[in-house]
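Here is the structure we will look at, set down as structure tokens.
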Amino acid sequence: MTDAAALPGRPRGGDLSGRATPRAVNVLAPNASAMTLDGTNTWILAEPGSGLAVVVDPGPLDEGHLRHVVDTAERAGQRVALTLLTHGHPDHAEGAARFAELTGTKVRALDPALRLGDEGLAAGDVVTVGGLELRVVPTPGHTADSLSFHLPADRAVLTGDTVLGRGTTVVAHPDGRLGDYLDSLRRLRSLTVDDGVHTVLPGHGPVLEDAQGAVEYYLAHRAHRLAQVETAVENGHRTPSEVVAHVYADVDPSLWPAAELSVRAQLEYLRGHGLI
């Protein structure tokens with residue numbers, strides 16, 4: 001058995017649901033799968049003592065889960081005042097409209113198609129609710145509309161699917177762009193170096209106690225995969241499916257379709273930089 005402290009990012013053990021930091025509580029959605037790990041993490045954020053809460057990523061359209069999120073906030077003496085989305089994938093955002101009905105909240109997102117209300121989200125925005133402060137950090141790459149939320153008071157960052165609590169993230173062509181993703185990882189690394197962020201509150205998987213270590217691991221993993229893809233092409237594996245079979249031979253074949261989308265993004269990046 002591997003000691004969690006030795007794994008990239010130092011994942012926290014125990015139940016994923018429950019309090020993660022003084023201001024963040026996770027309600028795990030019941031949608032576990034190979035792509036969603038244990039399920040989607042729905043985050044309830046509130047300043048200690050405040051009666052108002054922010055919910056990030058209500059998750060799938062699952063009535064039981066959405067009501068459980070509302071009940072969890074109410075048991076803590078909080079009313080959900082705002083809903084935010086890290087990105088538009090259904091496992092994070094499909095339940096947002098119904099959740100807005102249950103709570104009477106607006107939904108803010110980068111993508112206008114996902115918003116309920118006039119106000120969106122953009123780089124540099126600061127969201128304040130009941131004394132809680134969240135800073136919007138653009139982290140495109142996994143998707144074009146991906147955002148992270150910096151929670152300065154807890155020295156934490158909510159990363160959606162940009163950094164996961166276990167494994168690595170798929171950057172799926174064509175919406176996913178590897179160059180943007182690498183820039184986003186470097187932006188997150190700057191938060192750990194310059195702003196003291198040490199905790200990752202991911203969209204899937206356990207909380208990570210070593211944010212800088214997690215981001216450094218992701219950057220090293222991407223560099224390694226790119227080198228493997230470049231070598232595969234040099235050795236005559238030209239099509240995305242050929243590259244997947246060669247580079248991802250150690251990955252469950254049921255995940256190869258997602259890996260092929262990732263390879264397409266890597267090939268686009270390598271061609272764009274004149275490396276193949």
Side-chain angles (χ1 to χ4, degrees), residues 8 11 16 28-41 57 59-62 65 85-96 110-111 113-114 139-147 159-185 202-206 214 217-273 275-276:
L16 269 62
L28 182 64
N31 61 332
S33 72
M35 295 301 293
T36 61
L37 304 181
D38 311 88
T40 300
N41 294 333
D57 289 352
L61 185 54
D62 181 297
H65 171 65
L85 297 177
T86 61
H87 66 297
H89 279 169
D91 57 312
H92 293 258
E94 188 180 35
L110 179 61
D111 184 350
L114 299 171
T139 47
H142 171 68
T143 60
D145 69 329
S146 286
L147 298 171
T159 54
D161 283 354
T162 299
V163 174
L164 304 178
R166 185 171 69 250
T168 55
T169 297
V170 173
V171 178
H173 179 84
D175 188 37
R177 298 180 61 87
L178 186 56
D180 291 343
Y181 184 68
L182 293 173
D183 288 343
S184 293
L185 290 177
H204 303 278
Y217 171 76
Y218 266 58
L219 285 165
H221 170 77
R222 287 294 164 188
H224 178 63
R225 282 297 195 206
L226 276 170
Q228 287 181 308
V229 171
E230 184 177 358
T231 299
V233 172
E234 290 172 353
N235 290 337
H237 302 282
R238 301 294 180 183
T239 68
S241 59
E242 289 173 348
V243 173
V244 167
H246 181 73
V247 173
Y248 290 81
D250 60 337
V251 173
D252 183 342
S254 69
L255 300 178
W256 282 11
E260 182 169 329
L261 295 175
S262 183
V263 164
R264 289 180 183 273
Q266 292 173 80
L267 291 171
E268 179 184 62
Y269 177 87
L270 291 169
R271 291 190 188 104
H273 287 75
L275 298 172
I276 56 173

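By convention here, the first residue in the shown sequence is residue 1.
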List the atom pairs, donor and acceptor, that lie under 3.5 Å between side-chain atoms in residues 167-175 and the rest of the protein, sequence neighbours left out.
{"from": "T169", "atom 1": "OG1", "to": "D161", "atom 2": "O", "distance (Å)": "2.7"}
{"from": "T169", "atom 1": "OG1", "to": "T162", "atom 2": "O", "distance (Å)": "3.4"}
{"from": "D175", "atom 1": "OD1", "to": "A144", "atom 2": "N", "distance (Å)": "3.3"}

_Any side-chain heavy-atom pair of L226 and L270 under 4.5 Å_ =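 Heavy-atom side-chain distance check passes, below 4.5 Å.
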*asked:* Is the shortest side-chain heavy-atom distance between L16 and N41 below 4.5 Å?
replied: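 Touching, per the 4.5 Å side-chain cut-off.
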Please table the atom pairs, donor to acceptor, closer than 3.5 Å between any side-chain atom in residues 227-234 and protein atoms at least two apart or in another chain.
{"from": "Q228", "atom 1": "OE1", "to": "R225", "atom 2": "NH1", "distance (Å)": "2.9"}
{"from": "Q228", "atom 1": "NE2", "to": "H224", "atom 2": "NE2", "distance (Å)": "3.4"}
{"from": "T231", "atom 1": "OG1", "to": "A227", "atom 2": "O", "distance (Å)": "2.9"}

Any residue meeting ring pair (Phe, Tyr, Trp, His ring centres under 6.0 Å) with [X], in chain and number order, not counting sequence neighbours:
{"X": "H221", "value": "none"}
{"X": "H87", "value": "H89, H92, H142"}
{"X": "H237", "value": "H246"}
{"X": "Y248", "value": "none"}

*May I have the step-by-step check of side chain to side chain contact (heavy atoms under 4.5 Å, CB included) for T159 and T139, ending in yes or no?*
CA-CA 8 Å; T159 54; T139 47; over 6 Å; no
*Return the set of residues passing side chain to side chain contact (heavy atoms under 4.5 Å, CB included) with P90 (not counting sequence neighbours), or none when no residue passes.*
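P90 satisfies side chain to side chain contact (heavy atoms under 4.5 Å, CB included) with E94 once adjacent residues are dropped.
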*Who passes side chain to side chain contact (heavy atoms under 4.5 Å, CB included) against S33, sequence neighbours left out?*
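Once residues adjacent in sequence are excluded, the partners of S33 under the side chain to side chain contact (heavy atoms under 4.5 Å, CB included) criterion are M35, T36.
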Main chain of [Y], side chain of [X]: is a donor-acceptor contact present, judged purely on distance under 3.5 Å?
{"X": "W256", "Y": "V251", "result": "yes"}
{"X": "D57", "Y": "T86", "result": "yes"}
{"X": "D111", "Y": "A113", "result": "yes"}

_Pairwise salt bridge (Lys or Arg N to Asp or Glu O under 4.0 Å) hits with a residue in residues 249-264, at least two apart_ =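 Counting only pairs at least two positions apart or across chains, the salt bridge (Lys or Arg N to Asp or Glu O under 4.0 Å) contacts touching residues 249-264 are E260-R264.
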*Residues in side-chain hydrogen bond (donor to acceptor under 3.5 Å, both in side chains) with R166, at least two apart?*
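Expected list: D38.
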*Taking only residues two or more places apart in sequence, or in another chain, which ones meet T40 in a side-chain hydrogen bond (donor to acceptor under 3.5 Å, both in side chains)?*
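Per chain and number, T40 pairs via side-chain hydrogen bond (donor to acceptor under 3.5 Å, both in side chains) with N31.
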*Verdict with supporting geometry, H204 and D91, side chain to side chain contact (heavy atoms under 4.5 Å, CB included)*: CA-CA 10 Å; H204 303 278; D91 57 312; 3.0 Å; yes
_Contacts of E268 that satisfy salt bridge (Lys or Arg N to Asp or Glu O under 4.0 Å) - sequence neighbours left out_ =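 Applying salt bridge (Lys or Arg N to Asp or Glu O under 4.0 Å) to E268 gives R177.
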